[in-house]
Peer 1: 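Pasting a structure below so you can have a look.
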Amino acid sequence: MGSGSLAPKAEKTKLRKNKTVVDENAPLIPKTQDTDAEGFNDFNGASFSGAVFNLSTTIIGAGIMGLPACVQKLGMVPGLLSIILTALLTEKSIEFMIKISRAGSLCSYGSLMGDAFGKYGKALVQICVIVNNIGVLIIYMIIIGDVISGTSSGGTHHSGILEGWLGVHWWTGRTFVLLFTTLAVFAPLVSFKRIDSLKFTSALSVGLAVVFLVIAVGISIFKIIIGGIGMPRLFPIITDLSSVFELFTVVPVLVNAYICHYNVHSIDNELEDSSQMHGVVRTSLALCASVYLLTSFFGYLLFGEGTLDDVLANFDADLGIPFGSVLNDAVRFSYAAHIVLVFPVVFYAVRINLDGLIFSSSRPLVLDKFRFSSITISLIGVIFLGANFIPSIWDIFQFTGATAAACVGFIFPAAITLRDRHNIATKTDKILSVFMLVLAVLSNAVAIYSDANALIKKNKT
């Protein structure tokens, strides 16, 4: 996931292929200094491939770690189909957003919601993006803690890379590892005031994600060839009503995996030919869905019923193949490094939205060092505490995925389409919006109920 591109604060600015960026205090477009406007005018526009790369980077994140557990809960067939269905619904929700934005000459998600529901709708988008992205950043930090120092969230302790290499010490423990990573790595990276400063670390993060996927798939294929993998469970185990409700706990994870809506307008604003945006969305979703399907299929195939909420934590056992321990460490390290490098990009969007929500009438954040430092330190502190007190990424997935992510990804786009202030929504659009709205509300409500019920039972035990 990433933040939007910089847009000028000046008057209407001519952009590529007769596209204009209007002057507005858009909550999802960072405020910039006036000197930035000249550099923006010299920009000739992003290419199709560049836009696909940016949107794909926005999509692929921690969801890739939680989706194998979704397949484990649903069974191979429903699990993989649900990943495809969520991708299709995401494509339609973004299509609704782009269609209505074109009709109203709107350049951000915030202005889109503001156009439909006024200033409260605009503020609600900001709040949901803040909640969602803080949740994602906590998930990132939990994953780093799981990989480096180990986890016991599944009931059995799975040692991390440092524990495996150096043994159990206070300096290989979770708290110290996360504190060191926060101060030595995250603090410098989140101190950049321009998102463009992170372009090289973002490119490296994508390469590391590919390394992770290639190694994981290669291990699974090798074990299939040598006969080390049994037949996976194809369908869920249903014994009573509570087991049916438990299946819905995968919905927030699926929703979170495809959230990229807050970055769509930013990418569209920079695109050289805006008519290509639909193609960009479809290509990006097809690419990301393919990555998700491969990871989920081979991850569940490799670990079966022992698949953990964070599949990276599974790569600590003997895989029964040559150089298994080396490959285990390579898989875990490559994706942990990917998460570390994506962290500041997601953090950038949180900081911009929080500042826009609280200090909407103040001078640009980049010009106020005290405000910039205060917001940055406060957010880092909240994320660090969350990562240390929340035991599993599944828990935080349930909270953010069933609330903020569901709103940003499906509920808001459907509500905007049904509002139809510009009278452009077709009957099919409205029927699909009602279906999307009902499905999102009901499935996430059941997921919250099921997850809360499970937590209550766990605490009683």
Peer 1: Please report the C-alpha distance between Ile375 and Phe359 in whole Å, then the side-chain angles of each, then the deciding distance to 0.1 Å, and finally whether the side-chain contact (heavy atoms from CB on, under 4.5 Å) criterion is met.
Peer 2: CA-CA 11 Å; Ile375 293 175; Phe359 305 103; 4.1 Å; yes
Peer 1: Would Met97 and Met113 satisfy side-chain contact (heavy atoms from CB on, under 4.5 Å), going step by step from the backbone distance to the final call?
Peer 2: CA-CA 10 Å; Met97 290 171 57; Met113 274 292 284; over 6 Å; no
Peer 1: Would you say that Leu74 contacts Ser82 through its side chain, given a criterion of any heavy-atom pair below 4.5 Å between the two side chains?
Peer 2: yes
Peer 1: Do Phe303 and Leu308 come within less than 4.5 Å of each other through their side chains, counting heavy atoms only?
Peer 2: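 No. Closest side-chain heavy atoms not under 4.5 Å.
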Peer 1: For Ser274 and Asp268, which I'm curious about, is there any donor-acceptor pair between the side chains at under 3.5 Å?
Peer 2: no
Peer 1: With a 4.5 Å cut-off on side-chain heavy atoms, are Ile98 and Arg102 touching?
Peer 2: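 Arg102 reaches Ile98 side chain to side chain.
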Peer 1: Tell me, with the steps shown, if Ile339 and Tyr335 meet side-chain contact (heavy atoms from CB on, under 4.5 Å).
Peer 2: CA-CA 6 Å; Ile339 291 296; Tyr335 207 82; 3.6 Å; yes
Peer 1: Considering residues at least two apart in sequence or located in another chain, which fulfil the side-chain contact (heavy atoms from CB on, under 4.5 Å) criterion with Thr403?
Peer 2: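 Only Ile448 meet the side-chain contact (heavy atoms from CB on, under 4.5 Å) criterion with Thr403.
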Peer 1: Given 3.5 Å as the limit, does a donor-acceptor pair link the side chain of Asn388 with the main chain of Phe384, or not?
Peer 2: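 Confirmed, Asn388 side chain pairs with Phe384 backbone.
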Peer 1: Donor-acceptor pair, distance only, cut-off 3.5 Å: does the side chain of Asn269 make one with the backbone of His265?
Peer 2: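 Present.
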Peer 1: How far does CD1 of Ile380 sit from CD1 of Ile377, to the nearest 0.5 angstrom?
Peer 2: 9.5 Å
Peer 1: What pair of heavy atoms forms the shortest contact from Pro78 to Leu234, and how long is it?
Peer 2: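 Minimum heavy-atom separation between Pro78 and Leu234: CD-O, 3.1 Å.
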Peer 1: Taking C-beta and beyond as the side chain, do Val281 and Glu95 meet within less than 4.5 Å on heavy atoms?
Peer 2: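 Not touching, per the 4.5 Å side-chain cut-off.
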Peer 1: Is it true that a side-chain atom of Ser296 and a backbone atom of Leu293 form a donor plus acceptor pair closer than 3.5 Å?
Peer 2: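 No.
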Peer 1: Without swapping roles, check the side chain of Ser220 against the backbone of Ala216 for a donor-acceptor pair under 3.5 Å.
Peer 2: yes
Peer 1: Can you tell me how far apart OG1 (Thr400) and CD1 (Ile138) are? Round to the nearest 0.5 Å.
Peer 2: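 Rounded to the nearest 0.5 Å, the OG1-CD1 separation comes to 8.5 Å.
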Peer 1: For Asn328, check side-chain contact (heavy atoms from CB on, under 4.5 Å) against everything at least two apart and list the hits.
Peer 2: Phe315, Leu319
Peer 1: Using 4.0 Å as the upper bound for N to carboxylate O, is an ion pair formed by Asp429 and Lys99?
Peer 2: yes
Peer 1: Less than 6.0 Å separating the ring centroids of Phe343 and Phe186?
Peer 2: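 Ring centres of Phe186 and Phe343 closer than 6.0 Å.
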Peer 1: Does a sphere of radius 6.0 Å around CZ in Phe372 hold more than 12 heavy atoms from other residues, nucleotides or ligands, not counting ones at 6.0 Å or beyond?
Peer 2: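 Result for CZ/Phe372: enclosed.
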Peer 1: Taking atom types as modelled, find out whether Thr90 and Ser93 have a side-chain donor-acceptor pair closer than 3.5 angstrom.
Peer 2: no
Peer 1: Is Ser450 reaching over with its side chain to a backbone N or O of Val446, donor-acceptor style, under 3.5 angstrom?
Peer 2: no
Peer 1: So which heavy atom on Ala387 is nearest to which on Leu178, and how close?
Peer 2: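 So the two residues come closest at CB-CD1, 4.1 Å.
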Peer 1: Would you compute the distance between atom CZ of Phe347 and atom CD1 of Ile383 and round it to the nearest 0.5 angstrom?
Peer 2: 5.5 Å
Peer 1: Look at the side chain of Arg419 and the backbone N and O of Ala116, then say whether any donor-acceptor pair between them is shorter than 3.5 Å.
Peer 2: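 Judged by distance alone, yes, a pair lies under 3.5 Å.
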Peer 1: Sub-3.5 Å donor-acceptor pair from the side chain of Thr307 to the main-chain atoms of Gly304, do we have one?
Peer 2: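 Yes.
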Peer 1: With a 4.5 Å limit on heavy-atom distance, are the side chains of His422 and Asp115 in contact?
Peer 2: yes
Peer 1: Grab the two heavy atoms, one from Ile100 and one from Thr417, that are nearest each other, plus how far apart they are.
Peer 2: CD1-CA, 3.7 Å
Peer 1: Are any non-hydrogen side-chain atoms of Lys427 and Ile431 less than 4.5 angstrom apart?
Peer 2: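 Side-chain contact under 4.5 Å: yes.
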Peer 1: From Leu287 CG over to Arg282 CZ, what is the distance, rounded to the nearest 0.5 angstrom?
Peer 2: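 One gets 16.0 Å once the value is rounded to the nearest 0.5 Å.
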Peer 1: Working note: Tyr262 + Ser108, criterion side-chain contact (heavy atoms from CB on, under 4.5 Å); need CA distance, chi angles, decisive distance, verdict.
Peer 2: CA-CA 8 Å; Tyr262 63 85; Ser108 75; over 6 Å; no
Peer 1: If you look at every heavy atom in Lys73 and Pro236, which pair is closest and at what distance?
Peer 2: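 The pair with the smallest heavy-atom distance is O-CB, 3.7 Å.
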Peer 1: When you measure from the side chain of Thr295 to the backbone of Tyr292, do you find a donor-acceptor pair of N or O atoms at a distance under 3.5 Å?
Peer 2: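 Pair absent, no side-chain N/O of Thr295 close to backbone of Tyr292.
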Peer 1: Return yes if some donor-acceptor pair links the side-chain N/O of Asn132 with the main-chain N/O of Val136 below 3.5 Å, else return no.
Peer 2: no
Peer 1: With rounding to the nearest 0.5 Å, note down the distance linking CZ in Phe48 to CD in Glu272.
Peer 2: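 Answer for the CZ-CD pair, Phe48 versus Glu272, is 12.5 Å.
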Peer 1: Mind listing the closest non-hydrogen atom pair of Leu67 and Leu254 along with its distance?
Peer 2: CD2-CD2, 3.6 Å
Peer 1: Out of curiosity, Leu285 CG to Thr283 OG1, how far, rounded to the nearest 0.5 Å?
Peer 2: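 Between atom CG of Leu285 and atom OG1 of Thr283 there are 9.0 Å.
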Peer 1: Knowing that exactly one of His261, Gln126, Lys122 qualifies, which makes a side chain to side chain contact (heavy atoms under 4.5 Å, CB included) with Tyr109?
Peer 2: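 Only one option passes, and that is His261.
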Peer 1: If we only count heavy atoms from C-beta on, is the Leu302 to Phe297 side-chain gap below 4.5 Å?
Peer 2: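 Of all side-chain heavy-atom pairs linking Phe297 with Leu302, none is under 4.5 Å.
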Peer 1: Are Leu341 and Leu208 packed together at the side-chain level, in the sense that at least one heavy-atom pair is separated by less than 4.5 angstrom?
Peer 2: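 Sidechains of Leu208 and Leu341: in contact.
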Peer 1: Check Gly401 against Val255 and note the closest heavy-atom contact, atom names and distance.
Peer 2: O-CG1, 4.0 Å
Peer 1: Do Glu305 and Tyr300 have a side chain donor and acceptor closer than 3.5 Å?
Peer 2: yes
Peer 1: Using only atom types and a distance under 3.5 Å, with no angle test, would you say the side chain of Arg233 pairs donor to acceptor with the backbone of Met76?
Peer 2: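 Between the backbone of Met76 and the side chain of Arg233 there is no qualifying donor-acceptor contact (under 3.5 Å).
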